[in-house]
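Down below is the structure, laid out as structure tokens.
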Amino acid sequence: MLALVAAIPILLVVILMVAFNWSAKTALPLGWVLSVAVALLIWKQDFTTTIAWAIDGALEAIGTLVIILGAILIMNTLKHSGAVTAIQRVFHAVNPDRRVQAIIVGFVFAAFIEGAAGFGTPAALAAPLLISLGFPPLCAAIVALIYNSVPVCFGAVGTPTNTATTVVGEAVTRLGGEVEAYRMALTKFTAISQASCALFIVFFGVFVMCKMFGKNKSGKEALKALPFALFTAIVFDVIYLFFAIVFGPEFPSLLGAILSLVVVIFAAKKGFLCPKEVWDFEPRENWDNEWLSKQEVKQDVDNGMSAVLAWIPYVLIGLILVATRLNWFGLKTLLTSSAFKVSINNIMGMGINWTWNWGWCPGVFPFILICIITFFLHKMPWKKVKESISDTAKQCLGAAIALFFGVSMVYIYRNTGMNAQIDDSMLVYMARALANIFKGAYVIIAPFIGVLGAFMSGSNTVSNTLFAGLQFETAALVNMSPVIIVALQNIGGAAGNMICVNNVVAACATTGTMGTEGKIIKTNALPCAIYCLIAILVLGGCIVIGGMDPLGLAAAAQSVAG
């Protein structure tokens with residue numbers, strides 16, 4: 001009964017967002033109010049304790065929000081400076097085959113954008129680029145969304161995976177584990193499964209394109225692009241896995257994609273493994289009306305900027321991230337020192353402390369720093385600078401509200417056992433209920449919880465904020481690895497990007513195909529489900545067949561329970 005009561009705030013949020021199409025910034029504050037009510041009235045937690053944890057959670061959201069702000073500001077700056085249009089020109093002369101173009105632009109280039117910015121920007125940028133290459137607008141939206149999956153867990157320099165680690169950090173420590181070791185293990189198993197999914201999804205995007213938008217409406221026409229699709233996936237996977245396993249979640253998508261882009265573009269220009277017969281869409285006059293834009297799409301600035309100048313901000317971002325994460329010139333030591341931290345101690349006298357290492361936050365260094373440099377480097381007029389900042393502020397407002405209330409709500413869920421009449425938290429009671437219902441089959445449901453979180457919130461980061469703690473606690477109760485189960489949560493959140501309402505609406509708005517949202521979600525539901533099944537087979541096999549328990553956290557949880 002207590003588990004059901006604890007679930008009410010989350011269920012309310014899900015119902016409001018899914019059934020009534022409420023936005024996350026509207027539904028999550030209401031869910032927060034209800035979670036506070038449950039903590040006070042049902043758990044009978046001390047008011048000061050509840051509010052102190054709520055404040056701690058809201059403060060914890062600042063780091064993630066600054067990353068979002070910096071990442072989106074970079075994208076808006078490049079759009080308004082003319083850099084995006086210059087980058088688009090690079091792709092026009094690579095290869096005339098639409099199947100090859102879809103893979104290079106929709107998957108590899110969009111993966112780079114995801115690694116740098118995340119939060120829905122890849123589909124919103126890759127789709128218009130595909131249209132400029134001659135793709136039907138609806139096709140561009142669908143393909144861009146399908147491909148916005150593999151790189152998502154490491155998007156915005158690792159924000160979703162780092163957020164999941166932050167959410168479960170206290171639980172890891174409680175079981176005797178080290179948070180950094182957990183972060184690296186979570187990155188490793190997430191990447192292994194995502195790399196497996198890439199072998200499927202790169203080809204599937206082409207298959208959907210040929211099946212729905214080809215002259216013959218035949219998926220068989222995609223088979224001739226299979227060798228190039230597999231080549232692209234393997235090149236990407238090798239680099240992606242290297243950065244994930246060796247360096248952690250910041251680099252796999254960002255550097256993995258940009259290095260892959262160089263290799264894949266070179267191969268495509270040479271015709272390596274490309275189809276011998278060029279595949280194209282029918283002439284535009286034969287396209288279905290449903291495929292076309294319903295309104296004029298705002299064009300990006302085109303001021304004749306050179307491709308080299310356009311790419312410099314991305315190069316600087318990559319160099320700074322590598323230099324700081326590998327501690328070149330002692331930069332990591334400097335930026336993680338106390339001089340670059342702000343703290344609030346003993347919140348409301350409850351002994352709860354919050355610290356933010358702002359110097360180590362990629363939203364500040366390098367994103368905002370590079371934005372300022374780009375204003376001058378690209379000689380942007382003050383009007384364009386203001387537009388970049390204004391557009392970013394508007395886009396981030398909703399994310400800020402959702403994150404502040406979402407993370408705050410999670411902290412209430414995690415800590416309702418402190419100074420309350422009921423010893424265990426709301427999160428633990430929900431985890432016990434899920435453990436009793438699914439038991440040994442929990443591995444099957446884990447990624448779909450991640451999908452639900454992304455579908456309702458529009459973000460893998462918010463999905464992990466809401467459900468990573470629940471997944472961790474449930475894994476411990478059913479004697480499964482909390483590393484692998486949270487990895488499945490992370491992957492499910494990535495897969496959910498294909499169908500989440502926010503991303504679909506953004507893609508439709510940028511391609512002018514409003515009114516086709518339902519069709520897109522229906523089309524992308526199948527690859528989303530298959531994606532999750534592949535993850536279940538890969539990581540579920542690690543648990544069921546291999547008996548894997550990275551870091552020994554499942555065993556530690558059983559020992560504590562015993």
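Treat the numbers as computed from the prediction; the structure is a model and nothing was measured.
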Show me, pair by pair, the donor-acceptor contacts under 3.5 angstrom made by side chains of residues 306-323, not counting sequence neighbours?
residue : atom : partner : partner atom : Å
Ser306  : OG   : Leu309  : N            : 3.2

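- Defined by atom type and a distance below 3.5 Å, a donor-acceptor pair is present between the side-chain atoms of Thr50 and Gln45.
- At distances below 3.5 Å, at least one donor-acceptor pair connects side-chain atoms of Ser149 with backbone N or O atoms of Ile146.
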task: Go through the steps for Trp53 and Met350 under the test side chain to side chain contact (heavy atoms under 4.5 Å, CB included), then give the verdict.
output: CA-CA 9 Å; Trp53 281 117; Met350 297 306 301; over 6 Å; no
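- In this structure a side-chain-to-backbone donor-acceptor pair under 3.5 Å is missing from Ser193 to Phe189.
- Listed by first and then second residue, the salt bridge (Lys or Arg N to Asp or Glu O under 4.0 Å) pairs involving residues 466-477 are Arg174-Glu473 (not counting sequence neighbours).
- Proximity of a side-chain donor or acceptor of Asp549 to a complementary backbone N or O of Ser481 within less than 3.5 Å is not detected.
- The closest side-chain heavy-atom distance from Lys188 to Ile192 is below 4.5 Å.
- With sequence neighbours excluded, the residues satisfying side-chain contact (heavy atoms from CB on, under 4.5 Å) with Ser253 are Pro151, Phe154, Tyr240.
- Pairing each heavy atom of His378 with each of Ser81, the nearest pair is ND1-OG, 3.0 Å.
- Within the 4.5 Å cutoff, no side-chain heavy atoms of Phe112 are placed close to those of Ser260.
- Once rounded to the nearest 0.5 Å, the distance linking CZ of Phe448 with CG of Leu488 reads 10.0 Å.
- Val263 meets the side-chain contact (heavy atoms from CB on, under 4.5 Å) test with Phe231, Val235; sequence neighbours excluded.
- Thr161 approaches Cys153 most closely through the heavy-atom pair OG1-O, 2.7 Å.
- Considering NZ of Lys384 and CD1 of Ile389, their distance stands at 13.5 Å, rounded to 0.5 Å.
- Side chains of Phe472 and Leu175 form a contact here, defined as non-hydrogen atoms less than 4.5 Å apart.
- For the pair Val13/Leu28, a side-chain contact is recorded, criterion being any heavy-atom separation below 4.5 Å from C-beta on.
- In this view, Tyr531 satisfies the ring pair (Phe, Tyr, Trp, His ring centres under 6.0 Å) rule with no residue, not counting sequence neighbours.
- With sequence neighbours left out, Asp46 forms a salt bridge (charged side-chain N to carboxylate O under 4.0 Å, His left out) with no residue at all.
- Looking at Trp356 and Val66, their side chains come closer than 4.5 Å, going by heavy atoms from C-beta outward.
- Panel note: side chain Ser459, backbone Thr461; a donor-acceptor pair is recorded below 3.5 Å.
- Listed by first and then second residue, the side-chain hydrogen bond (donor to acceptor under 3.5 Å, both in side chains) pairs involving residues 358-376 amount to none (not counting sequence neighbours).
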task: Evaluate the criterion side-chain hydrogen bond (donor to acceptor under 3.5 Å, both in side chains) for residue pair Asn464 and Asn490; output intermediate values, then yes/no.
output: CA-CA 7 Å; Asn464 286 344; Asn490 202 14; 2.9 Å; yes
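- Between Pro447 and Ile536, some side-chain heavy-atom pair lies under the 4.5 Å cut-off.
- What you find for Met380 and Ser388 is that their closest heavy atoms are CE-OG, 3.7 Å.
- Taking CD1 of Ile484 as the start and OG1 of Thr190 as the end, the distance is 10.0 Å to the nearest 0.5 Å.
- Take Trp32 and apply the ring pair (Phe, Tyr, Trp, His ring centres under 6.0 Å) test, not counting sequence neighbours, and it matches Phe405.
- Gln194 places a side-chain N or O within 3.5 Å of a backbone atom of Val150 that can act as its donor or acceptor partner.
- With values rounded to the nearest 0.5 angstrom, Leu334 atom CG is found 11.0 Å from Thr324 atom OG1.
- Side-chain N or O atoms of Ser463 include one that pairs as donor or acceptor with a backbone N or O of Gly450 at under 3.5 Å.
- With Asn346 contributing its side chain and Gly351 its backbone, the two residues share a donor-acceptor pair below 3.5 Å.
- Asn327 and Thr333 share a donor-acceptor pair across their side chains, judged by distance under 3.5 Å alone.
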- request: Any chance you could lay out the side-chain hydrogen bond (donor to acceptor under 3.5 Å, both in side chains) test for Ser425 and Asn415, step after step, and finish with the verdict?
  value: CA-CA 6 Å; Ser425 69; Asn415 296 287; over 6 Å; no
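- Looking only at side-chain heavy atoms (C-beta outward), Leu65 and Phe404 come within less than 4.5 Å of each other.
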task: Kindly determine whether Leu434 and Tyr442 satisfy side chain to side chain contact (heavy atoms under 4.5 Å, CB included), including the steps that lead there.
output: CA-CA 8 Å; Leu434 286 172; Tyr442 186 74; 4.2 Å; yes
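- Minimum interatomic distance between Met184 and Ile245 (heavy atoms only, all atoms of both residues): CE-O, 3.6 Å.
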task: Verify side chain to side chain contact (heavy atoms under 4.5 Å, CB included) between Leu199 and Ile234, making sure each step is shown before the conclusion.
output: CA-CA 7 Å; Leu199 297 171; Ile234 291 169; 4.1 Å; yes
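- For Met498 against Cys528, the heavy-atom pair with the smallest separation is SD-N, 3.7 Å.
- The minimum heavy-atom distance between Thr187 and Pro249, with the atom names listed, is OG1-CD, 3.4 Å.
- In this structure, the ring pair (Phe, Tyr, Trp, His ring centres under 6.0 Å) partners of Phe247, at least two apart in sequence or on a different chain, are Phe242, Phe243.
- Residue pairs satisfying the side-chain hydrogen bond (donor to acceptor under 3.5 Å, both in side chains) criterion with at least one member in residues 69-78, sequence neighbours excluded, are listed as follows: Asn76-Thr392, Asn76-Gln395.
- Residues passing the salt bridge (charged side-chain N to carboxylate O under 4.0 Å, His left out) test with Glu178, sequence neighbours excluded: none.
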task: Kindly determine whether Glu60 and Trp354 satisfy side chain to side chain contact (heavy atoms under 4.5 Å, CB included), including the steps that lead there.
output: CA-CA 7 Å; Glu60 196 63 47; Trp354 170 78; 3.6 Å; yes
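- Formation of a donor-acceptor pair under 3.5 Å by the Thr159 side chain with backbone atoms of Ala156 is found in this model.
- When the side-chain contact (heavy atoms from CB on, under 4.5 Å) test is applied to Leu551, the partners found at least two apart in sequence or on another chain are Ala181, Tyr182, Ala185, Val483, Leu553.
- Looking at Glu250 and Arg183, a side-chain N of the basic residue comes within less than 4.0 Å of a carboxylate O on the acidic one, giving a salt bridge.
- Taking SG of Cys371 as the start and CG of Leu377 as the end, the distance is 12.0 Å to the nearest 0.5 Å.
- Within the 4.5 Å cutoff, the side chain of Ile10 has heavy atoms near those of the Phe467 side chain.
- Distance CG/Leu69 to CG/Leu397: 11.0 Å, rounded to 0.5 Å.
- The local environment of NZ in Lys341 is crowded, with over 12 non-hydrogen atoms from other residues, nucleotides or ligands closer than 6.0 Å.
- Looking only at atom types and distance, the side chain of Glu114 has no donor-acceptor partner in the side chain of Tyr147 under 3.5 Å away.
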